[in-house]
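I have placed the structure first, in the form of structure tokens, so that the comments after it can refer back to it.
Read the numbers this way: they start at 1 and go in the same order the structure lists the ligands and their atoms.
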Amino acid sequence: MSDSTVTLHRHGAVALVSLASHNPLNPLTNQLMTELGRVLHALDTDTETRAIVLSGSSRSFAAGADIRAMAEMTYARAVLEDYLAAQWHAVSVVRKPMVAAVRGYALGGGCELAMICDIVVAGESALFGQPEIKLGLVPGAGGTQRLPRAVGKSLAMEMNLTGEPINAAQALASGLISRVVADAQVVDVAISVAQSIARHSLPALLAVKAATTRAFEMSLAEGLTFERSAFHSSFALEDQREGCEAFLERRPPSFSHR
Ligand code: CAA
């Protein structure tokens, strides 16, 4: 589709999904978020993909929700339509590991989209921020919830209350992202991280992501119970037998993803 806002390229078991709006800043329009949710759902349920890289343009990962649409939004419409809820839910329920490759702006919904991903690789140009306050708005897709869990209260409050962004070095120091590389290498490095994930057993990867995600959603006791159950369940996998036997036989494992 020529006016598609999302493109898909395959690198073996890794799918590279790129936001490719006609505006290179990638505002998260209704069309873009709907297409993104559809593409991610298809990748999440196919048998070929084991990890997903989510990238923007070279200038901007995403500049946030569509301010043009929000300029006309009313309280009644937002509440009755449950504005943003369904589209963002579709993105946040992906079970396969997702690596964000961020160059340039990750603002508002752009920062929130990067935080939904499991790992964030950023280029030196990256800027992460929640500028909603400058628009008279509250962040609507995780800025007040995922950001403090990622960077702690003080920095999250500073970002949310001032609306000022942090750069890649500050994002790395605060734990918002896992690596900073040269902009020209961001997508390649993100793909390479995703490939080193994708060589493992898919059902085990799903369980590890689900359990690690619970660390941000449950009490420690509940999370540990969830983890123990996931650990016990992994003994039902053919891949568990293969992984342990391959180690003892000093050979690489050959996973069947069962
Ligand atoms: N929505 C809609 N259009 C946007 C946009 C957005 N989020 N961000 C940029 N644009 C548009 C601009 O209106 C402009 O359009 P025109 O050329 O038609 O005038 C075009 O993109 C280029 O923008 P700028 O001229 O502003 O580009 P710049 O290089 O000077 O600045 C920028 C880049 C710093 C990213 C700046 O565009 C900017 O601050 N954008 C808004 C960022 C923002 O506030 N995001 C949060 C949105 S609210 C949200 O995301 C809610 C939520 O939690 C989900």
Side-chain angles (χ1 to χ4, degrees), residues 3-6 17-38 40 54-94 98 100-117 120 122-151 155-171 176-177 183 186 216:
D3 63 348
S4 174
T5 52
V6 176
V17 177
S18 302
L19 308 183
S21 169
H22 68 272
N23 179 342
L25 292 178
N26 281 325
L28 299 171
T29 59
N30 200 25
Q31 183 194 350
L32 186 150
M33 288 304 295
T34 304
E35 285 185 17
L36 180 61
R38 225 177 266 147
L40 290 176
L54 182 59
S55 165
S57 70
S58 56
R59 189 170 160 214
S60 172
F61 180 69
D66 184 359
I67 298 172
R68 244 170 254 286
M70 288 190 296
E72 292 167 8
M73 183 55 65
T74 63
Y75 169 73
R77 261 188 62 210
V79 170
L80 296 177
E81 292 171 13
D82 207 1
Y83 180 50
L84 298 187
Q87 292 173 327
W88 283 81
H89 180 71
V91 173
S92 65
V93 294
V94 174
M98 287 207 289
V102 176
R103 292 163 293 178
Y105 302 112
L107 298 179
C111 186
E112 292 165 318
L113 191 54
M115 289 191 289
I116 284 174
C117 295
V120 183
E124 285 159 352
S125 69
L127 282 177
F128 297 86
Q130 300 292 156
E132 287 88 342
I133 193 69
K134 296 181 182 177
L135 301 167
L137 284 168
V138 174
T144 68
Q145 299 304 307
R146 290 196 181 91
L147 189 61
R149 284 168 170 80
V151 306
L155 182 56
M157 281 288 192
E158 186 174 329
M159 290 170 70
N160 284 339
L161 294 173
T162 67
E164 293 305 317
I166 58 171
N167 64 26
Q170 291 167 304
L176 183 59
I177 66 176
D183 270 26
V186 171
F216 301 95

Exercise for the section: Start with the C-alpha distance between Leu127 and Ile166, add both sets of side-chain angles, then the distance that settles side chain to side chain contact (heavy atoms under 4.5 Å, CB included), and finish with yes or no. Expected result: CA-CA 6 Å; Leu127 282 177; Ile166 58 171; over 6 Å; no

Handout entry: Residue pair Leu40, Met98: steps toward the side chain to side chain contact (heavy atoms under 4.5 Å, CB included) verdict
Key = CA-CA 10 Å; Leu40 290 176; Met98 287 207 289; 4.1 Å; yes

Handout entry: Side-chain (Asp66) to main-chain (Pro27) donor-acceptor, under 3.5 angstrom
Key = no

Practice task
Working to the nearest 0.5 Å, report the span between CE of Met159 and OG1 of Thr144.
Solution key: 12.5 Å

Fill in the blank from the handout: for atom 38 (C) of ligand 1, nearest protein heavy atom and its distance come out as Leu107 CD1, 4.7 Å

Handout entry: Identity and distance of the protein heavy atom lying nearest atom 4 (C) of ligand 1
Key = Pro27 CG, 4.1 Å

Fill in the blank from the handout: For atom 37 (O) of ligand 1, the closest protein heavy atom turns out to be Leu25 CD1, 3.7 Å

Completion exercise
ligand 1 to Pro139, heavy atom cutoff 4.0 Å, flagged ligand atoms 53 (O)

Exercise for the section: Please state which part of Leu28 comes within less than 4.0 Å of ligand 1, counting heavy atoms only: side chain, backbone, both or neither. Expected result: neither

Problem - Over all atoms of both residues, closest heavy-atom pair of Gly104 and Ser125 - result: N-OG, 2.9 Å

Problem - Closest protein heavy atom (residue, atom, distance) for atom 31 (O) of ligand 1 - result: Tyr105 OH, 4.2 Å

Handout entry: Pairwise side-chain contact, Val120 with Leu176, heavy-atom cut-off 4.5 Å (strictly under)
Key = no

Handout entry: For ligand 1, the portion of Arg59 having any non-hydrogen atom under 4.0 Å away
Key = side chain

Exercise for the section: Can you see which heavy atom on Ser60 is nearest to which on Pro24, and at what distance? Expected result: CB-O, 3.5 Å

Handout entry: Nearest non-hydrogen protein atom, atom 42 (C) of ligand 1
Key = Ala63 O, 3.3 Å

Handout entry: Gly108: numbered ligand 1 atoms lying under 4.0 Å from its heavy atoms
Key = 46 (C), 50 (O)

Completion exercise
Here the atoms of ligand 1 under 4.0 Å from any heavy atom belonging to Gly140 are 52 (C), 53 (O)

Problem - Pairs flagged by side-chain hydrogen bond (donor to acceptor under 3.5 Å, both in side chains) wherever residues 83-93 is involved - sequence neighbours left out - result: Asn30-Gln87, Thr34-Gln87

Fill in the blank from the handout: If you compare Met33, Gln130, Arg68 by their heavy atoms, the one closest to atom 12 (C) of ligand 1 turns out to be Arg68

Handout entry: Numbered atoms of ligand 1 (with element) below 4.0 Å of Glu112, judged on heavy atoms
Key = 52 (C), 53 (O), 54 (C)

Completion exercise
d(Leu36 CG, Leu28 CG) to nearest 0.5 Å is 8.5 Å

Fill in the blank from the handout: In this structure, CD1 of Ile116 is separated from CG of Leu54 (nearest 0.5 Å) by 9.5 Å

Practice task
Below 4.0 angstrom from a heavy atom of Met70, which ligand 1 atoms are there? Numbered from 1 as shown, please.
Solution key: 48 (S)

Problem - Those atoms of ligand 1 less than 4.0 Å from some heavy atom in Pro131 - result: 43 (C), 44 (O), 45 (N), 46 (C)

Problem - Where ligand 1 meets Asp66 - atom numbers and elements under 4.0 angstrom, heavy-atom basis - result: 1 (N), 2 (C)

Exercise for the section: Could you find the nearest protein heavy atom to atom 10 (N) of ligand 1 and give me its residue, atom name and distance? Expected result: Asn23 ND2, 4.0 Å

Practice task
Flag atom 48 (S) of ligand 1 as yes if some protein heavy-atom distance to it falls below 4.0 Å, otherwise no.
Solution key: yes

Problem - Nearest neighbour in protein (non-hydrogen) for atom 51 (C) of ligand 1 - result: Glu132 OE2, 3.5 Å

Problem - Any protein heavy atom nearer than 4.0 Å to atom 53 (O) of ligand 1 - result: yes

Fill in the blank from the handout: Of all heavy-atom pairs linking Ala114 and Val102, the shortest is CB-CG2, 4.2 Å

Problem - Minimal non-hydrogen separation, Glu112 against Pro139, with atom names - result: OE2-CB, 3.4 Å

Practice task
Check whether any protein heavy atom sits under 4.0 Å from atom 25 (O) of ligand 1.
Solution key: no

Problem - N or O pair under 3.5 Å between Val138 and ligand 1 - result: no

Problem - Close-contact set for ligand 1 against Leu84 heavy atoms, below 4.0 Å - result: 54 (C)

Handout entry: Heavy-atom nearest neighbour of atom 1 (N) of ligand 1 within options Ile133, Ile67, Leu137
Key = Ile67

Completion exercise
Separation between SG (Cys117) and CD1 (Ile177), nearest 0.5 Å, reads 13.0 Å

Practice task
Report yes or no: do Arg103 and Ser55 form a side-chain donor-acceptor pair below 3.5 Å?
Solution key: yes

